[in-house]
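Report on the structure given below.
When reading the values below, keep in mind they use all heavy atoms of this one structure, side chains included, and skip hydrogens, waters and symmetry mates. Residue numbering restarts at 1 for every chain, and letters A, B, ... go by the order of the sequence lines.
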Amino acid sequence: MKNDVLPDLTERYSDKKISREEASMAVPYNHRAIEQKWRKNWSEHPINENDGTKEKYYCLDMFPYPSGNGLHVGHWRGYVISDVWSRYKLMQNYYVIHPMGWDAFGLPAENYAIKMGTHPAKSTAENVAKIKEQIQEIAAIYDWDMEVNTTDPAFYKWTQWIFVQMFQKGLAYEKEMPINWCPSCKTGLANEEVVNGKCERCGADVTKKNLKQWMLKITEYADRLLSDLDKLDWPEKVKKMQSDWIGKSHGAEVVFPIEGKEEGITVYTTRPDTLYGATFMVLAPEHALAKELATDDTRAAVEEYIYQSSLKSSVDRLQDKEKTGVFTGSYAINPLNGAKTPIWLSDYVLADYGTGAIMCVPAHDDRDFAFAKKFGLPIVQVIAKDGVEMEDMTEAYTEAAGTMINSGEWNGMESSELKAKAPEMIEKKGFGRKTTNYKLRDWVFSRQRYWGEPIPIIHCPTCGAVPVPEEELPLLLPDVDSYQPTGTGESPLAGIASWVNTTCPKCGASAKRETNTMPQWAGSSWYFLRYVDSKNENALVGREKADKYLPVDMYIGGVEHAVLHLLYSRFYTKFLCDIGVIDFDEPFQKLFNQGMITGKNGIKMSKSKGNVVSPDDLVREYGCDSLRLYELFVGPPELDSEWDDRGIEGVYRFISRFFHLVMENKDKAAEETKELKKIRNKLIYDITTRLEGFSLNTVVSGFMEYNNKLIEMSRNGGVDRQTLEAFVQLLAPFAPHISEELWQELGHDASVFSESWPVYDPKAMEDDEAELAVQINGKTKATVTLPKDCAKEEAIARGKEALGDKLKGTVIREIYVPGRIINIVAK
RNA sequence: GCCGGCGUGUCGGAAUUGGCAGACGAGGCAGACUCAAAAUCUGUUGGCGGCAACGUCGUAUGGGUUCAAGUCCCAUCGCCGGCACCA
């Protein structure tokens, strides 16, 4: 709240329209006054202090990039969920680490700046200020002393430092190769940033461009990134997406000698059991041997094919349709049976997976089958499907199940067994080896854009690539007039001669700086480590604090980062663990993905669609507490939900009614009846178990249900103080302002957050009797109230009595489930 | 194409994991208060039949298991998400 004038709490009329009846009540629910009062109070008396004795709990939001559009109600939801969880942990007596910061480098920020015609440094700072103000409206318990900003030199010093460490360990290397290039963003992209052949950011078709790039050897961690998924309490969906992305497969490399040449072609296969069925080979057009294998007759066609393939965009190449290819004129020898197999080129073989060459078994692979059919190549079946050899195959049989045929000494073996054993058998025979492969590729880490961390490397003609010495970090991003992307494959930084030209830190000769910048993921891959020691000038994070406060216990954010940010962060964490900066190798113990909030009909909120709902007006009209509750009530937190403004009325009414319930009963000194005691314990039980299960929408409906019940009780005698207090405590993480206010009204000086989370007494919850449904043949015909431990005979008799003359025919079976149901089966 | 997830009133969604389907809320309808509206409060609100007690149908569709199915099994349809020539 920006206002410093605090309205009088007894003020009769809030901004919300108020009736004469309501105005005549003792004190109306004035959300504005209450919320302002408690914001001020919390800023003066913090409720989450680290007294050094409590156990820590680290609850983290995925930090936002400061967009110019501000927050909408969808962003709010994630932050509300994490704050509810943080406050709950607070009331379980943890010291809660709940920080917030800004992922401010990268394309979105830069593109926005270009669009607005401002310098990204300026527009980013403005946007941060604006969004920070909006985020503060949530009234989360963020510790702003921990705030980080990836564009702050004191922060990106360490982003650069990590890069230097990786370089020194050989994990950052330069390579010239065709990489994914977005012609619209005018920069190279990582594999993870290409979605269906399009740029993840802007949706433009991605092309290939040959560029010298910095790469990070994430593949070196492929195995650990895969196997350590088992350690994590993450949604199965996300784990599966990561494991698919890493894509480990088991198989063999087999060397096929080339007829008339010394060397051979190495292929990778996961189906060595089908080796006898390999009737031809295909190399990727980019394969090193491609040109060499052409004969005088085929040379022109081969070169033309290679040239044409190089022109194709990755989208064209993906959109399979017809297989294309060209025969090289050369033959390889199947090492197992000496058969002569023609060598072809085709762009359906990927250059950068396996060895870039495959053996083709058309009888048992769909793609090879299509290729063989198109070019009239022989098809040899080597696995009998359902025990039979087919006359003429109409499609490939791709399963590894069946008896081997046409396979020399392997005939009669079971295909699945052979598949497992073949790699070792091949290795023994000396023409190949057992091996594994990954879909995961090394991470293209250079961006030809301005708004990112400069890569701290100096290129020296004699010493090669030399890292900027640690004492010279941070290497500042130079100020520049023209920060627009050049599109030439060079970064805008290349145009600043005074910055580019420098001397080699090793030999002192004149040298040039690396001009590419880091991708937007660089800062976000480790920022969560920095929060707990954000002002440390001597280390990325002090070891003592790291040991005490890390890793993250609960990470909350959208599912869109399942393979980008979350994979990169795991990689960085493992690396930093390996070099001894930290002592753990998984950053996020538990992950929760909240669903998206959409507009009507599930349409994503966007400015261009005009369906963006801003939280600001809703906070003004209904208050922060109401919006917090409604964000949760709108639907299960893990699913997408359609936003409907009207629904917030419901939670507002609930809060008002609860407010009046407490105000009317607080001084009544109503007695704690057995029934009230039962209600209270059930309330605590229900709210706690639903909260633990992250079923936050039903927590809110639970509050409403119990509130309705208590209003009823209030009319018939009143509600005791203990029950009111328990309710207020349970409500506190969800609607903190009203809870503090009512806690005070109930006569407490200290904050409600200094209370421990209420506990329930299972015995007090138990009902002595229960209403059971009485069914005939599974259809409910009556109900009967029975003591909880009623014996079967008695229960059946009472059930029959309740049924009266509805029960006809002969009873053939009687079922009694105590506390649940009586079912009489009659004929 | 492959792999996941989902399908419940007018709408958002509940359902103790096999035990009274539709909690809670929105919206609608009716009433109280009001000159009137808003707000508030009360009642009502799945379909069909009936004045009614009640009957009957009903959780995408078709089948199955069970005393009992929204929940389990099989098949089909539809929607959403991920991967997509990875050999």
Side-chain angles (χ1 to χ4, degrees), chain A residues 16-25 195-197 236-238 240-241 244-245 247-249 251 267-271 274 278 282 317-321 323 346-350 352-361 364-368 370-371 398 437-441 559-560 562-563 600 602 629-630 633-636 638-651 653-654 656-657 660 686 689 695 697-708 771-783 806 812-817 819-826:
Chain A
K16 183 91 186 136
K17 288 174 196 153
I18 276 182
S19 67
R20 263 148 290 166
E21 280 85 349
E22 199 178 342
S24 70
M25 283 177 191
V195 180
N196 291 326
E236 286 307 315
K237 185 186 164 186
V238 176
K240 176 133 200 326
M241 280 167 75
D244 286 351
W245 189 261
K248 185 175 186 174
S249 69
V267 300
Y268 172 69
T269 178
T270 56
R271 292 297 302 277
T274 63
V282 177
R317 246 177 112 150
L318 281 174
Q319 274 162 3
D320 68 285
K321 307 288 183 286
K323 296 251 182 298
S346 174
D347 64 7
Y348 84 89
V349 173
L350 304 175
D352 56 353
Y353 179 77
T355 61
I358 59 170
M359 65 174 209
C360 295
V361 185
H364 303 289
D365 183 281
D366 290 326
R367 297 148 303 185
D368 299 348
F371 196 84
T398 57
N437 245 308
Y438 300 90
K439 290 189 194 177
L440 185 70
R441 311 286 149 88
V559 76
E560 66 273 15
V563 285
K600 214 56 223 133
L629 285 178
Y630 187 55
F633 189 57
V634 73
E638 70 281 9
L639 299 182
D640 293 353
S641 296
E642 282 179 30
W643 188 264
D644 181 355
D645 265 352
R646 287 178 303 189
I648 196 172
E649 295 275 355
V651 291
R653 283 180 198 132
F654 154 68
S656 303
R657 286 198 274 245
H660 293 126
D686 276 345
T689 50
S695 178
N697 53 327
T698 63
V699 168
V700 179
S701 70
F703 279 134
M704 290 171 168
E705 212 174 333
Y706 280 96
N707 187 43
N708 293 343
E771 194 186 57
L772 310 214
V774 186
Q775 302 181 328
I776 301 174
N777 297 331
K779 302 211 169 180
T780 305
K781 299 290 177 182
T783 56
K806 283 179 193 162
I812 46 178
R813 201 168 159 187
E814 289 159 342
I815 287 144
Y816 170 55
V817 183
R820 296 274 165 84
I821 209 149
I822 295 166
N823 190 11
I824 312 285
V825 186

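- Going from atom OH of A:Tyr353 over to atom P of B:C85 covers 12 Å, rounded to whole Å.
- Atoms CD1 (A:Ile776) and P (B:A68) sit 14 Å apart, rounded to a whole Å.
- If you take CZ of A:Arg646 and P of B:A38, they are 16 Å apart, rounded to a whole angstrom.
- Look at NZ on A:Lys237: it is 5 Å from C1' on B:G81, rounded to the nearest Å.
- Between A:Arg441 and A:Val559, the residue anchored closer to the 5' end of RNA chain B is A:Val559, taking for each the nucleotide with the nearest heavy atom.
- In this structure, A:Phe371 and A:Ser346 have side chains that are in contact, with non-hydrogen atoms separated by less than 4.5 Å.
- For A:Lys779 and B:A68, the NZ to C1' distance is 11 Å, given to the nearest whole Å.
- Heavy atoms of A:Lys781 sit under 4.0 angstrom from primed sugar atoms or phosphate atoms, though from no base atom.
- Glycosidic conformation, B:U16: anti, with the torsion outside 90° of 0.
- As rounded to whole Å, 8 Å separates atom C1' of B:A87 from atom OH of A:Tyr348.
- On the P atoms, B:U40 is 41 Å away from B:C79, given to the nearest whole Å.
- Pairing for B:C29 is with B:G43, a Watson-Crick or G-U wobble pair whose two hydrogen-bonding atom distances lie under 3.5 Å.
- Base pairing analysis places B:U17 opposite nothing; no Watson-Crick or G-U wobble pair with both distances below 3.5 Å involves it.
- Using a 4.5 Å heavy-atom threshold, the side chains of A:Thr398 and A:His364 count as separate.
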Between A:Tyr706 and A:Asp686, does a side-chain contact (heavy atoms from CB on, under 4.5 Å) hold up when you go through it step by step?
CA-CA 10 Å; A:Tyr706 280 96; A:Asp686 276 345; 2.6 Å; yes
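- With C1' as the reference atom, B:G18 and B:A84 are 39 Å apart, rounded to whole Å.
- We find that CH2 of A:Trp245 is positioned 16 Å from C1' of B:C2, with the value rounded to whole Å.
- Residue contacts shown for A:Arg657 are limited to sugar-phosphate atoms, with no base heavy atom under 4.0 Å away.
- Separating the P atom of B:G22 from that of B:G27 is a span of 22 Å, rounded to the nearest Å.
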Test side-chain contact (heavy atoms from CB on, under 4.5 Å) applied to A:Asp368 and A:Ile358, step by step
CA-CA 10 Å; A:Asp368 299 348; A:Ile358 59 170; 3.9 Å; yes
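- Separating the C1' atom of B:A68 from that of B:C29 is a span of 36 Å, rounded to the nearest Å.
- Using atom P as the reference point in both B:G50 and B:A36, the two lie 37 Å apart (nearest Å).
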Go along nucleotides 13-24 of chain B 5' to 3' and tag each nucleotide: B for a protein heavy atom under 4.0 Å from its base, S when only backbone or sugar atoms are that close, - otherwise.
SS-B--BB--BB
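- A distance of about 35 Å separates the P atoms of B:A14 and B:G31, rounded to the whole Å.
- Judged by a 6.0 Å distance limit and a 45° cone about the ring axis, A:Lys323 is positioned over the six-membered ring of A:Tyr348.
- Between A:Asn437 and A:Lys240, the one whose closest nucleotide on RNA chain B sits nearer the 5' end is A:Lys240.
- Counting any heavy atom pair closer than 4.0 Å across all strands shown, A:Lys439 reaches a base atom.
- Look at A:Arg813 and you'll find a side-chain N or O under 4.0 angstrom from OP1 or OP2 of B:C67.
- Computed from coordinates, the A:Asp644 CG to B:G25 P distance equals 16 Å when rounded to whole Å.
- The residue A:Ser249 sits close only to the backbone: its heavy atoms come under 4.0 Å of sugar-phosphate atoms, none of a base.
- Of the P atoms belonging to B:C24 and B:C74, the separation is 36 Å, rounded to the nearest Å.
- Here the side chain of A:Arg653 is nearest to one of B:C85, B:A26, B:A87, namely B:A26.
- Without hydrogens or angle criteria, A:Asn437 side chain to A:Ser249 main chain gives no donor-acceptor distance under 3.5 Å.
- The two atoms that bring A:Thr355 and A:Val267 nearest to each other are OG1-CA, 3.4 Å, heavy atoms only.
- The nucleotide B:A75 finds its pairing partner in B:U61, both defining distances of the Watson-Crick or G-U wobble pair being shorter than 3.5 Å.
- Against the 90° criterion about 0, the sugar-base torsion of B:G63 places it in the anti range.
- A distance of about 24 Å separates the P atoms of B:G49 and B:A60, rounded to the whole Å.
- The backbone N or O of A:Ala826 lies less than 3.5 Å from a partner atom in the side chain of A:Asn777, making a donor-acceptor pair.
- Under the 4.5 Å side-chain criterion, counting only non-hydrogen atoms from C-beta, A:Tyr630 is in contact with A:Asp644.
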